[in-house]
Structures are given as structure tokens and as C-alpha cells.
Amino acid sequence: MSRRGERARTRSWPWRSRSYPRAGTAENGRPPSTAHGDPGDGNATLIANDDERFALCSTRAATQEIVLSSGVLAPDNTTLAEAIGARRALFVLTPTVDQLYGDALRRYIGSVLERSDSEVFVLQVNETTKSLSAVDVLAAHASGMGLDREGPLVAVGGGVCLDVVGVSAALYRRGVPNIKIPTTLVGLIDAGIGTKNAVNHGGHKSLLGTFSAPEASLLDPTFLTTLPERHLRSGVAEMLKMAIMCDRTLFALLEAHKGELLRSSFQAPREEGTEAIRRSVTEMLRELSLNLYEQSRRRIVDFGHTFSPYVETASNHQVLHGEAVAIDIAISSEIAWSLGILETEDLEAILGALASFELPHHWAGIDPAAMYESLRSIRQHRGGELHLVVPSEIGRAVFLEDQDISLSLLESCVARLAARGSRVLK
Ligand SMILES: NC(=O)c1ccc[n+]([C@@H]2O[C@H](COP(=O)([O-])OP(=O)(O)OC[C@H]3O[C@@H](n4cnc5c(N)ncnc54)[C@H](O)[C@@H]3O)[C@@H](O)[C@H]2O)c1
Ligand SMILES: [Zn+2]
């Protein structure tokens with residue numbers, strides 16, 4: 001064996017283990033021979049284990065503010081101005097959002113922001129072009145305008161815009177501050193409040209991305225008034241995900257006011273609309289706070305996100321993200337029912353809730369064998385295990401593993417959903 005191989009066998013890598021002590025301590029019983037520095041933000045503790053091995057141990061503090069505020073672009077609303085302060089910002093919008101809100105934003109920049117030389121950039125990007133090329137275009141613009149390390153890069157848009165800007169902010173000059181202003185329901189309750197940002201790559205959904213918390217998320221439900229109903233319903237799928245996993249009250253609230261909430265874009269009944277958004281955001285934040293960097297791969301918020309990447313990619317994104325999530329919710333619930341984990345009554349309540357928001361439970365293009373094969377990539381993403389999260393009742397969940405899921409089980413579940421007929425996407 002080579003000297004290198006011998007060393008690899010006989011030496012341990014304590015800093016690779018999760019139980020490695022916090023910098024500067026000796027909790028593992030092996031005191032560092034040398035330790036310098038305070039492991040606060042921006043500092044690392046240098047540990048010299050011997051003459052050849054060193055470790056830099058650090059933690060990085062991050063505070064993300066999440067603010068619910070109606071009418072963030074109104075001249076008398078100072079939330080955004082306060083978030084940006086004295087910095088020269090670059091706002092990024094996609095064309096539709098520019099058409100709807102670009103003028104209001106430019107007026108706000110000109111009359112309310114401290115730096116009226118902040119810029120607006122309209123980025124041509126959608127789900128099918130959400131890739132590193134979009135990041136490239138944005139970085140070129142940021143560099144051209146001389147955006148410095150203080151940033152901030154401010155995304156005003158749906159999940160696609162938030163994701164591309166989030167990745168760009170993490171990469172540009174090795175990281176500049178990012179502010180998220182979601183304008184879709186998916187953005188408000190999911191993409192706009194998390195720490196994850198990703199773009200698609202090589203036919204894989206969200207293959208390249210970062211964990212980087214935005215400095216602030218400004219949540220303004222009035223943006224939803226212009227959102228097309230199909231995209232609104234898509235967002236409801238993410239809401240139902242949270243409700244089915246951990247909040248029976250939210251589930252009941254959505255069921256009780258479904259028609260009006262959908263017709264009014266969650267503006268009426270006012271209290272219930274706001275409450276539904278607030279509950280979804282709070283549940284999401286609670287789940288994130290327990291596992292911000294996904295060190296645990298068993299994530300309740302992955303409900304609806306195991307089969308959905310296959311559906312989105314196989315449909316060439318003709319099935320929207322939220323619609324794919326709805327289809328996945330149906331498949332996962334059907335699996336739970338088949339295995340005797342979920343009662344018939346709860347399965348019907350879940351499928352009924354999808355139907356009441358006119359969400360699909362099946363896409364006609366599903367090939368169960370290809371979908372089963374796609375689980376290989378999901379396992380890679382979840383550290384080698386499937387960790388399929390399914391409901392055991394409304395408000396509670398369990399995790400299933402490979403031995404629980406066979407191709408024939410998947411085939412029968414998909415066939416049963418297809419046979420239900422209505423709410424099948426062609
Ligand atoms: N990073 C994360 O944690 C995370 C979480 C959930 C979803 N996502 C990603 O988000 C994307 C889906 O987000 P989405 O559903 O917001 O889609 P989207 O960003 O494509 O927006 C949907 C459509 O609505 C338009 N739009 C946006 N705001 C509008 C408004 N106020 N009025 C009218 N039209 C408006 C957009 O131009 C677009 O055509 C997917 O790519 C998904 O992977 C990321
Ligand atoms: Zn999602």
C-alpha cells in the first residue's frame with residue numbers, strides 16, 4: 001500500500017464528524033495543540049493537530065428577517081427603504097413583473113430610497129431557462145453597473161426569479177446580500193423565505209444551488225391580486241403540503257374558505273386569507289429552523305417533492321411546480337393508504353382538498369417505470385436513502401424507505417389515481 005493510503009487508513013478526520021467540538025474546545029478528549037482566534041462571525045479558530053494537519057473551525061452567523069407588509073411598493077411604506085438603507089441596490093424583475101410593477105418600483109426608487117441611483121434589471125428567465133446562463137447574464141449586468149460587495153441584489157418576482165437571484169447573490173463577488181420580495185404564492189410561503197436557491201442543470205431540476213439565507217424577505221400578499229389563477233392554485237399545493245404535514249387547523253381553514261380564497265387571490269375573507277398565509281409561513285419557518293442546512297435528510301417539507309421533479313422534468317415544465325407537487329401529494333398519500341398507514345377517510349380528504357382547489361392528482365404522461373428510476377437521483381440528494389415522507393393522518397407524517405416502495409406499488413397507485421378521471425392533467 002502506498003504511504004498515502006496507509007496514512008488514510010491510520011489517521012482519522014475528526015473535523016469531518018458532526019461531533020467535532022466547537023472551535024477552541026476539547027470536548028472530544030483530544031485537545032488541540034494550538035488554537036487561535038474567536039470563532040465568532042468572520043473569525044475561525046485555527047487548530048494544529050500535529051505538524052502536518054491543521055483545521056480552521058468557524059461558524060457563520062446569519063439573521064434573516066421575514067416581514068409581512070402590505071403594499072411594499074407604496075410610497076408611504078418604508079419597509080423596503082429600511083431594508084436597503086444607504087446601499088445602492090440592483091433590483092431584478094422578470095418581464096411580466098416589470099410590466100405590472102416596474103413603474104411603481106421605479107417611482108419608489110426615485111422618491112423613497114436613499115440611493116435613487118439604484119437600478120432595475122429585467123431578466124428574461126422562466127422555468128425552462130432557469131440555468132447558470134441566467135446567472136451569467138445577471139452577473140454581467142451587476143458587474144457592468146459596478147455593484148459592490150455591499151449589494152444588495154433584490155429579487156422581485158416568483159420562485160424562478162428568487163432562485164436565480166439567490167444563486168447569483170451567493171456567487172457574485174463570492175457573496176453579496178440578497179433581499180427577496182416574492183410576488184407569487186409559491187414565493188410567499190416557500191421559495192421566498194427559505195435559505196435554498198437553485199437552478200436547473202443538465203436536465204436535472206435544481207441540481208446547482210446554494211444554501212444562503214437572504215438578509216430579508218418582504219412578504220406582500222397584495223401582489224397575488226394580479227397572479228393568474230393557475231399559478232395561485234399552484235401555490236395552494238405548497239400550502240396544502242404544510243397543512244397535511246403539520247397543521248390540521250390550516251387544512252380546515254383552507255377547506256372552509258376555498259372558493260372565496262381562490263376567487264379573491266387570498267384577499268378575502270381578509271382575516272382568513274392573511275391567516276392562511278401566516279400559518280403556512282410560520283410552519284415552514286419552524287421546519288426550516290430545525291434543519292436549516294438539511295443536515296437531517298428526513299424532511300417533512302419534502303412532502304410532495306419526491307416524484308414532482310420527475311413530473312416537472314418529464315413534462316418539460318408544462319406541468320407547473322405546484323401542480324407537480326399536487327400530483328406528488330396524491331401519489332404519496334395513495335402509497336400511504338396502500339400500505340395501511342393512512343385511513344381511507346383521510347386519503348379522500350386529501351384528494352378532496354386538491355380537487356376543491358382544482359389541482360391535479362395525476363398527469364397523463366407519467367411512466368411509472370421512469371418515475372421509479374428517477375428515485376435514484378432523489379436518493380443521491382438525500383444521502384443515499386429514500387426518506388419518502390407520507391401522511392399518516394392529516395397533520396402527521398411518517399417516513400418510508402426503499403424496502404417499502406416497489407415498482408408494482410407505484411404502478412398500482414398511479415393507476416388508481418388515473419382511474420379517478422377528473423383532475424387529470426393531459
Ligand atoms: N428555493 C426554494 O426553496 C424553492 C421553493 C419552492 C419553489 N422553488 C422554485 O420556484 C419555482 C416556482 O415558483 P413560482 O410558482 O413562483 O413560478 P414562477 O416564478 O415561474 O412564476 C409564475 C408566473 O407568474 C408570473 N408572475 C409572478 N408574479 C406575478 C404577479 N404578482 N402577477 C402576475 N404574474 C406574476 C411570472 O412571470 C411567471 O410567469 C420553481 O422553479 C421551483 O423550483 C424554489
Ligand atoms: Zn416546492
Side-chain angles (χ1 to χ4, degrees), residues 64 72-73 92-102 104-105 122-131 134 155-167 169-170 178 180-201 204-214 217 219-242 245 265-267 280-281 284-285 287-288 292-294 299 301-309 311-313 317-329:
Q64 172 188 357
V72 280
L73 299 181
V92 185
L93 283 66
T94 48
T96 310
V97 174
D98 180 41
Q99 242 173 36
L100 292 163
Y101 299 103
L105 175 61
V122 181
L123 184 66
Q124 299 275 352
V125 66
N126 58 38
E127 186 62 55
T128 44
T129 56
K130 182 182 143 181
S131 67
V156 187
V160 168
C161 178
L162 299 166
D163 260 346
V164 171
V165 177
V167 171
N178 175 212
K180 297 192 183 204
I181 308 182
T183 59
T184 62
L185 188 52
V186 170
L188 276 177
I189 63 167
D190 196 335
I193 57 175
T195 42
K196 293 200 293 185
N197 311 282
V199 292
N200 305 329
H201 183 77
H204 292 278
K205 176 84 188 146
S206 304
L207 188 70
L208 299 178
T210 64
F211 281 106
S212 41
S217 301
L219 312 183
D220 177 359
T222 63
F223 281 119
L224 301 181
T225 53
T226 54
L227 191 65
E229 196 181 299
R230 186 174 174 205
H231 288 288
L232 195 68
R233 284 192 258 111
S234 224
V236 173
E238 299 279 9
M239 256 185 179
L240 284 171
K241 166 189 87 177
M242 294 314 298
M245 284 294 99
S265 307
F266 281 80
Q267 312 299 305
S280 307
V281 168
M284 186 63 159
L285 291 175
E287 284 303 319
L288 290 175
L292 199 55
Y293 298 107
E294 298 186 4
R299 301 174 69 237
V301 289
D302 276 344
F303 181 48
H305 291 72
T306 299
F307 306 108
S308 59
V311 173
E312 280 181 83
T313 310
H317 303 287
Q318 294 309 299
V319 178
L320 298 179
H321 178 73
E323 291 168 343
V325 169
I327 290 165
D328 184 318
I329 287 176

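Just follow the structure's listing: the first ligand is 1, and inside any ligand the first atom is 1. Just so it is clear, the model here is predicted, and its values are computed rather than measured.
Ranking the protein heavy atoms by distance from atom 17 (O) of ligand 1 puts Gly159 N, 4.1 Å first. Distance from atom 28 (N) of ligand 1 to its nearest protein heavy atom, with residue and atom name: Thr183 OG1, 2.7 Å. In this structure, atom 43 (O) of ligand 1 lies nearest to the protein heavy atom Lys205 NZ, 2.7 Å. Nearest protein neighbour of atom 41 (O) of ligand 1, counting heavy atoms only, is Glu127 OE1, 2.4 Å.
When distances from atom 11 (C) of ligand 1 to the protein are checked, a heavy atom turns up under 4.0 Å.
Scanning for ring pair (Phe, Tyr, Trp, His ring centres under 6.0 Å) contacts around His305 gives His321, with sequence neighbours left out. Evaluation of the salt bridge (charged side-chain N to carboxylate O under 4.0 Å, His left out) rule for Lys130 yields Asp163 as partners, not counting sequence neighbours. When the ring pair (Phe, Tyr, Trp, His ring centres under 6.0 Å) test is applied to Phe303, no partner is found at least two apart in sequence or on another chain.
By the criterion of a separation under 2.8 Å, the protein N/O/S atoms near the Zn ion (ligand 2) amount to Glu238 OE2, His305 NE2, His321 NE2.
No heavy atom of Asn126 sits closer than 4.0 Å to any atom of ligand 1.
Taking only nitrogen or oxygen atoms, main chain and side chain alike, Glu238 does not reach within less than 3.5 Å of ligand 1. Not one N or O of His231 is nearer than 3.5 Å to an N or O of ligand 1, by distance alone.
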